[in-house]
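Please read these numbers as outputs of a predicted model, since none were measured by experiment. Hydrogens, waters and symmetry mates play no part in the numbers below; they use all other heavy atoms, side chains included.
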Amino acid sequence: MDREWSEMNRQMQSLISKKATFGEGIEKLLALRASLFEQIEQIATNYPAEAFARMPFAGAKGYHSKTLAYSIWHIFRIEDITAHEMIAQDEQVLFAGAFREAIRSPIITTGNELSGEEIAAFSAELDIRALYRYAREVMQSTDRMLKGLAFSELKRRFGGDMAEKLRRTGCVSDDESAAWLIDYWCGKDVLGLIRMPFSRHWIMHVEAMRRIKNRLCEQARKGVDPVAYCGLSCDHCFLKDWCGGCRTAYNVCSNATCCADRICPNAGCCREKGLDGCYQCEALADCRKGFYAAGKDANAVKALALYIRGHGKRELLDVMDRLHERYDFQKIQEILGDDLTEGYRILEDS
């Protein structure tokens, strides 16, 4: 389990169970959920549609054997059902917001009954942008409920009537792989639901999503030139676990995701000119496009491009290996600084 999330979860569990620290515990829970949802948002809004139905760990034991789309659906269907049918006892977000139609989901269940290729087929049918909007709305509605929750409500339990109500909704499959959920939920009080569907359940599935997207990016980059159009080395970038690089469909480089068309200006310009990279462009020294628009903050990247022009990409990658072995840095700017001449000198001396 991610250390930061694990520690936040541990603190929340302790704080929320005591009346004197209940409010602080809720704030800790909301912060944990916000951190986890940021990961979901990065994946759901940046990766290509093809990524969400792929199963790079098919057949493995664990949550990472699923798909990205299934993981999002499963997390938020469980939360929607337990938050609204059980605690708030109002209408689920899926139905109140007509999200099923928008998502194009063939089911309304949690998906526990699906396995193997059924999960992949199900995932391929979904509209991912609509699924993301549904997930965000469920999270926000639960957060509002949590903020209004009183400590005295934590011990409220759910009996047979609630179990029967849940069965009637059809939101949990009667398949044995899913039917147990109803008795499991109804065996808990409100505090127990907070401790699992609203927190730890998220952690387990988001960590699985991380493993899935890491493998997808790794597969996307296999055999692809690791040097970006601007000169950065994708193999040495702090985003390498998140990003497939600007030469693939899995490009989540910040310079691309900040653009309306999601195309980095450096990449777009090079493609338009038929260049392999900015290092082949005569205007490189004075260029202020894309990455280079940051002025001094971008001089380290421009130094990389100039070094490629003089020595080639293979030599740059070797230099980057040596620099990483020596300094173990996250961003090349930490080593080359903001002076173009000095940055280039460091590369040549390495």
Side-chain angles (χ1 to χ4, degrees), residues 38 42 45-47 213-214 217-218 220-350:
E38 184 178 356
Q42 287 291 330
T45 60
N46 288 317
Y47 283 1
K213 61 88 180 168
N214 285 357
C217 284
E218 179 185 311
R221 288 174 54 194
K222 192 172 183 179
V224 175
D225 186 347
V227 176
Y229 289 99
C230 63
L232 279 170
S233 166
C234 295
D235 287 346
H236 302 89
C237 180
F238 73 103
L239 278 174
K240 64 183 178 182
D241 288 337
W242 273 99
C243 183
C246 56
R247 300 182 191 271
T248 78
Y250 289 77
N251 181 21
V252 295
C253 172
S254 58
N255 214 43
T257 55
C258 290
C259 296
D261 58 6
R262 302 185 57 76
I263 298 175
C264 167
N266 299 95
C269 180
C270 286
R271 290 169 186 161
E272 185 179 326
K273 292 180 177 179
L275 302 178
D276 183 63
C278 298
Y279 34 84
Q280 292 183 336
C281 184
E282 294 180 357
L284 172 61
D286 298 317
C287 182
R288 304 268 305 172
K289 289 182 181 179
F291 236 128
Y292 306 146
K296 284 188 175 183
D297 290 338
N299 277 340
V301 181
K302 188 172 284 189
L304 297 177
L306 288 169
Y307 188 83
I308 293 171
R309 172 181 286 177
H311 301 277
K313 288 189 280 187
R314 181 65 264 170
E315 181 58 29
L316 173 74
L317 295 175
D318 290 342
V319 168
M320 291 293 285
D321 283 342
R322 293 195 290 272
L323 286 173
H324 261 270
E325 187 175 348
R326 190 181 310 161
Y327 299 109
D328 190 29
F329 55 92
Q330 280 205 321
K331 297 181 180 180
I332 190 62
Q333 291 91 332
E334 297 170 12
I335 304 302
L336 301 187
D338 60 11
D339 184 273
L340 183 60
T341 302
E342 177 62 13
Y344 189 84
R345 184 197 64 77
I346 291 172
L347 290 171
E348 289 218 307
D349 289 349
S350 300

Are more than 12 heavy atoms from other residues, nucleotides or ligands located less than 6.0 Å from atom [atom1] of [X]?
X	atom1	value
E315	CD	yes
E334	CD	yes
F329	CZ	yes
D286	CG	no
Q330	CD	no

Take V227 and L232, measure what side chain to side chain contact (heavy atoms under 4.5 Å, CB included) needs, and give me the verdict at the end. CA-CA 6 Å; V227 176; L232 279 170; over 6 Å; no
Would a distance-only check, ignoring hydrogens and angles, find a side-chain to backbone donor-acceptor pair under 3.5 Å from [X] to [Y]?
X	Y	answer
K240	C217	no
Q280	D276	yes
K289	C269	no
Y292	C230	yes
R309	C281	yes
K313	P226	no

Report the C-alpha separation of D338 and Q333 in whole Å, then their side-chain angles, then the decisive distance to 0.1 Å, and conclude whether the side chain to side chain contact (heavy atoms under 4.5 Å, CB included) test is met. CA-CA 7 Å; D338 60 11; Q333 291 91 332; over 6 Å; no
Close side-chain approach of N299 to L336, heavy-atom, < 4.5 Å: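 No - every pair of side-chain heavy atoms lies 4.5 Å or more apart.
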Test item: C253 and T257 side chains (from C-beta on) under 4.5 Å apart, heavy atoms: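 Not touching, per the 4.5 Å side-chain cut-off.
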Do K296 and D339 meet the salt-bridge criterion of a basic N to acidic O distance under 4.0 Å?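 Answer for the salt bridge query: no.
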Ring pair (Phe, Tyr, Trp, His ring centres under 6.0 Å) contacts in which one or both residues fall within residues 231-281, not counting sequence neighbours: Y47-Y250, H236-H324
side-chain hydrogen bond (donor to acceptor under 3.5 Å, both in side chains) with R314: which residues, sequence neighbours excluded?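 By the side-chain hydrogen bond (donor to acceptor under 3.5 Å, both in side chains) rule, R314 matches D318.
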Between N46 and R262, do the side chains contain a donor N or O and an acceptor N or O under 3.5 Å apart?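 Side chains of R262 and N46: pair found under 3.5 Å.
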Does E342 form a salt bridge (charged side-chain N to carboxylate O under 4.0 Å, His left out) with R345? I'd like the steps, not just the answer. CA-CA 5 Å; E342 177 62 13; R345 184 197 64 77; 2.5 Å; yes
Quick one: closest heavy-atom pair of G277 and C270, and the distance? C-SG, 3.4 Å
Minimum-distance pair of heavy atoms, taken over all atoms of L284 and C278: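 Distance-wise, the nearest heavy atoms are CB-O, 3.8 Å.
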Applying side chain to side chain contact (heavy atoms under 4.5 Å, CB included) to R221 and R247, what does each step give before you reach the verdict? CA-CA 8 Å; R221 288 174 54 194; R247 300 182 191 271; over 6 Å; no
Quick one, L304 with S233, criterion side chain to side chain contact (heavy atoms under 4.5 Å, CB included). Give me CA distance, side-chain angles, the key distance, then yes/no. CA-CA 9 Å; L304 297 177; S233 166; over 6 Å; no
